Amino acid sequence: MTLEEIHGQEPVPAGHDWMQGAGKALHELLVSAQRRGCLTAGVYESAKLMNVDPDNVAFCVLATDEEDEGDIALQIHFTLIQAFCCENDIDIVRVNDVGKLAAIVGPSEESGEPRDLHCILITNPNEDGWKDPALEKLNLFCEESRNVNDWVPTITLPE
C-alpha cells in the first residue's frame, strides 16, 4: 500500500510527459497573461503588488540560473515570496532557466530594456469571465505536487 492510497490521494503522474505538459502550460499562461496585461515581472515589483493587492495574484513563478544559486539576497527574497504565497493560497513554481523565460516574456514594453525575471506574477484581469485553461492545468499540477510534499515544484520550459 502506498502513502497516496492510505490518504486517498491519487499519485502524481510519473514521467516526462506530466512535467512537459506543465512546461507547455506555463509557456501558454505567460504568453496569454502578457497579451492581457496581467503579468508583473521583477522581485521588487512583485513584492509591492503582493503587499498592495494579494487577492489579485493568481500564480507566481520564481526563476533562477546556476549563477543565482549563490545570491543570498535573492534566496531571502524567494523565501519571503514563497511564504507569502503559501499564506495566501497562491500557487507557485520554480523555473531553472531565466533565458527561456526571457525568450517568452521579452524585454520591458516601456523601455525595451531586459527586465528582472526572477519573480513573475500572473494577476487576475479586470474581465470577470477570464478562465485560462493553462492556469487551470498549472493549478492542478501544483495541487498534485503538494500531495507528495513538493510545495514549490520545478518546471522545465519547452525548447
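Here the structure is a predicted model, which means the values were calculated and not measured.
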Write down the atom of [X], the atom of [Y], and the distance for their closest heavy-atom approach.
{"X": "Ser46", "Y": "Gly42", "value": "OG-O, 2.7 Å"}
{"X": "Leu39", "Y": "Leu30", "value": "CD1-O, 3.7 Å"}
{"X": "Arg115", "Y": "Gly106", "value": "NE-O, 3.4 Å"}
{"X": "Asn124", "Y": "Ala58", "value": "OD1-CB, 3.5 Å"}

Are [Y] and [X] connected into the same hydrophobic cluster when the rule is that any two of I, L, V, M, F, W, Y join if their side-chain heavy atoms are below 4.5 Å apart?
{"X": "Val95", "Y": "Leu121", "value": "no"}
{"X": "Leu49", "Y": "Val61", "value": "no"}
{"X": "Ile90", "Y": "Leu62", "value": "yes"}
{"X": "Val152", "Y": "Ile155", "value": "no"}
{"X": "Leu117", "Y": "Leu29", "value": "yes"}

Roughly how far apart are [X] [atom1] and [Y] [atom2], rounded to 0.5 Å?
{"X": "Cys60", "Y": "Ile81", "atom1": "SG", "atom2": "CD1", "result": "6.0 Å"}
{"X": "Leu101", "Y": "Leu26", "atom1": "CG", "atom2": "CG", "result": "7.0 Å"}
{"X": "Glu69", "Y": "Thr64", "atom1": "CD", "atom2": "OG1", "result": "4.5 Å"}
{"X": "Asp53", "Y": "Thr123", "atom1": "CG", "atom2": "OG1", "result": "8.5 Å"}
{"X": "Asn147", "Y": "Glu143", "atom1": "CG", "atom2": "CD", "result": "6.0 Å"}
{"X": "Met50", "Y": "Leu80", "atom1": "CE", "atom2": "CG", "result": "9.0 Å"}

Is the number of heavy atoms from other residues, nucleotides or ligands under 6.0 Å of Glu66 CD greater than 12?
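For Glu66, atom CD is not crowded (no more than 12 foreign heavy atoms under 6.0 Å).
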Strictly distance-based, threshold 3.5 Å: is any side-chain N or O of [X] a donor or acceptor partner for the main-chain N or O of [Y]?
{"X": "Asp65", "Y": "Asp68", "value": "no"}
{"X": "Lys137", "Y": "Ala25", "value": "no"}
{"X": "Gln34", "Y": "Val105", "value": "yes"}

Which residue in the set Ile122, Asp132, Leu135 passes side chain to side chain contact (heavy atoms under 4.5 Å, CB included) when paired with Ser32?
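Answer after filtering Ile122, Asp132, Leu135: Asp132.
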With the side chain counted from C-beta on, respond yes when Cys142 and Val93 share a heavy-atom pair under 4.5 Å apart, and no when they do not.
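Sidechains of Val93 and Cys142: in contact.
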Is the shortest heavy-atom distance from the side chain of Asp150 to the side chain of Pro153 under 4.5 Å?
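Yes, side chains in contact.
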Any residue meeting side chain to side chain donor-acceptor pair (under 3.5 Å) with Asn88, in chain and number order, not counting sequence neighbours
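Side chain to side chain donor-acceptor pair (under 3.5 Å) list for Asn88, sorted by chain: empty.
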For Arg146, check side chain to side chain donor-acceptor pair (under 3.5 Å) against everything at least two apart and list the hits.
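Arg146 satisfies side chain to side chain donor-acceptor pair (under 3.5 Å) with Asp91 once adjacent residues are dropped.
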Which residue pairs pass the ring-ring contact (aromatic ring centres under 6.0 Å, His included) test when at least one of the two sits in residues 58-94, sequence neighbours left out?
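Found Tyr44-His77.
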